[in-house]
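First comes the structure, then the notes that go with it.
Sequence lines set the chain letters: A, B, ... in the order given, protein chains first and strands last, and positions in each chain run from 1.
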Amino acid sequence: MLKLFNTFGRKIEPFGPVGKKNVTIFTCGPSVYQRAHIGNFRTFLFEDLLVRYLEYSGCTVERGMAVTDIEDKAISEAEKRHTSVRELTDANIAQFVKEMKLLGMKVPDYMPRASECIDESVEIISKLLQKKIAYVHGGNIYFDPLRVRDFGKLFGLDMSRWPKKKRRFHKDTYPGIQWNYGDFILWHGCELHEKACWETGIGKGRPSWNVQDPSMVMRHFNNSLSFFCGGVDNLYRHHDYSMAILEALRPYPMARFWMHGAHLFVDGQKMSKSKGNILYSDMLMKQGYTAGEIRFFLMYGHYRKRINYSDRAMQAAAETLRRFRRHVADIRRKAGANAPEQSRISRELRNIFVLHMDNDLSVKDAFDSMQLLLNGFALGPLPAGQAAGIISELRKIDGPLQVIF
RNA sequence: GGCGGCGUACCCAAGUGGCUAAGGGAGAGGUCUGCAAAACCUUUAUGCAGCGGUUCAAGUCCGCUCGCCGCCUCCA
């Protein structure tokens, strides 16, 4: 049975029953004011692995991914480049989808852009205003966490420390892991000259980052999502904000499972512009690595654990995969065009793959065990039909992994 | 300085109190080979940062010390 770590509750829980079940998943997507780096892709890759493994397990998966194309950063970046927000984000989205495909990721069924969900955002904010959970102040609209129950339940925020004094935070994002003890913004009112603004029933302005995910979820999904995923950085504020907004309007949980992926580091340090250590997929490809090797490297370390990129680690991972693939090629040669036959090995292969993947998507354990199994028998005496059976099993396993063939 | 995380062989890394500490990469030696590559075999931690404690039993729990990293600037 598939067991996954649910951030909401901080424990491993069974997910099931799988098989034929329609699973819905919504994930934070890229903020498209700039190009996504391989650290960003690590998170999306773990989500891709989840989607593909659920499909491998027999589920039908419907996935949405949020595309943040309006926020402070996109607006200032567009100004800096003397272009429109739309033009900037169009280009980055095209690049993003291209790289997603390159890294063997499925393009989600829905990739709503914040700029295309204005109506839903306005609807949400209007309802919150009616319920007096939101209020207008200085041209903006804010959400008052004290007006809802269990605010901060995902993070486990201690609301007894919430200040009595009224405070408002009016930027889309704030750095760091400290909570903003105060009301957060839902709607940025616009001055006359501002770009990226919409004329709506609640005035002229644009939706804040935190109201965007709920608006997209509301647009595409009418029930509790099976999963909501994102990078760990979103565990502070953002996901609790999203949850509070949506659950204030819908009388059921926003998602059953909340999952968060750990970050990618470079030579022991966090990737950051100021350190100048940001890596893009094409930089690695220029060094001779294939897209599959990059995917493998990003997937091999467990998704809840930070992984560290270094030249040496990347080389080792690539070499591990190459060896595995060479071995598979040998088996394939042996198999020829024979009809696949099941055998102890093919069954064992499936069993160990499922065993480890069911354990919170332990790719490394699954891969290492498979490698050990395949190295453990001589190819010579293996009947061709059984070799074909092993290849057939590996092809199924490669559905989620996307690195073997 | 405040808060948080981590420290297992040359590198990556499993280990969630109990048999001789998984596995992979790299290196070294060997088999095979016209040479080379690939493959295969062998080999690499009396010890898990250090010290002390709890326990019949600790890499695994507790305390202290040292070291590295993260957040308090930008970010999946």
Would you mind classifying the nucleic acid contact of [X] as base, sugar-phosphate or nothing, using non-hydrogen atoms under 4.0 angstrom?
X	answer
A:L264	base
A:G39	base
A:N308	nothing
A:S310	nothing
A:Y33	sugar-phosphate
A:N234	sugar-phosphate

Is the base of B:C75 touched by the side chain of A:K270 through a donor-acceptor pair closer than 3.5 angstrom?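 Under the 3.5 Å cut-off, the side chain and the base do form a donor-acceptor pair.
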I'd like to check [X] versus [Y] (side-chain heavy atoms, cut-off strictly below 4.5 Å). Are they in contact?
X	Y	answer
A:S310	A:V266	no
A:D72	A:H188	yes
A:E348	A:F353	no

What is the distance from [atom1] of [X] to [atom2] of [N], rounded to the nearest Å?
X	N	atom1	atom2	result
A:L298	B:C12	CG	C1'	15 Å
A:D330	B:A37	CG	P	17 Å
A:F367	B:A14	CZ	P	16 Å
A:F265	B:G5	CZ	C1'	10 Å
A:M259	B:A76	CE	P	19 Å
A:D311	B:G25	CG	C1'	15 Å
A:K305	B:C6	NZ	P	9 Å
A:E319	B:G24	CD	C1'	11 Å

Nucleotide paired to [N] in any strand shown, Watson-Crick or G-U, under 3.5 Å:
N	value
B:G1	B:C72
B:A28	B:U42
B:G47	none
B:G18	B:C56
B:G23	B:C12
B:C35	none
B:C66	B:G7

For nucleotides [N] and [M], find the distance between their [atom1] atoms and express it as a whole number of Å.
N	M	atom1	value
B:U43	B:G24	P	13 Å
B:U54	B:C40	C1'	49 Å
B:G59	B:C48	C1'	5 Å
B:A57	B:C19	C1'	12 Å
B:C12	B:U73	P	31 Å
B:U31	B:A76	C1'	49 Å
B:C6	B:A13	C1'	14 Å
B:C41	B:U33	C1'	16 Å

Counting only side-chain heavy atoms from C-beta out, which of [options] sits nearest to [X]?
X	options	value
A:H37	B:C69, B:C75, B:G24	B:C75
A:A316	B:C75, B:G25, B:C40	B:G25
A:Q269	B:G25, B:C69, B:A13	B:C69
A:R326	B:A76, B:A39, B:G25	B:A39
A:R312	B:C75, B:G70, B:C10	B:C10
A:T43	B:G23, B:C75, B:A76	B:A76

Looking at A:F15, I'd like to know if the NZ or CZ of A:K21 sits under 6.0 Å from its six-membered ring centre while staying within 45 degrees of the ring's axis.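 Judged by the rule (NZ or CZ under 6.0 Å from the ring centre, within 45° of its axis), A:K21 counts as positioned above A:F15.
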Whether A:H263 stacks on the six-membered ring of B:A76 base, 5.5 Å and 30° limits: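 Answer is yes, a stack.
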Do the side chain of A:D144 and the main chain of A:I133 share a donor and acceptor less than 3.5 angstrom apart?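 Answer holds: no.
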Has the side chain of A:D240 got a donor or acceptor atom that lies under 3.5 Å from a matching backbone atom of A:F155?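 Looks like yes, one N/O pair under 3.5 Å.
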For the pair A:E293 and A:R322, find out whether any cationic side-chain nitrogen is under 4.0 Å from an anionic carboxylate oxygen.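 Judged by the 4.0 Å cut-off on N to carboxylate O distance, A:E293 and A:R322 do form a salt bridge.
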Run the salt-bridge test on A:E55 and A:K106 with the 4.0 Å N-O cut-off and return the result as yes or no.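 Salt bridge: yes.
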Which is more 5' along RNA chain B, the nucleotide nearest A:A313 or the one nearest A:Q371? Just name the residue.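 Its nearest nucleotide lies further toward 5', so the answer is A:A313.
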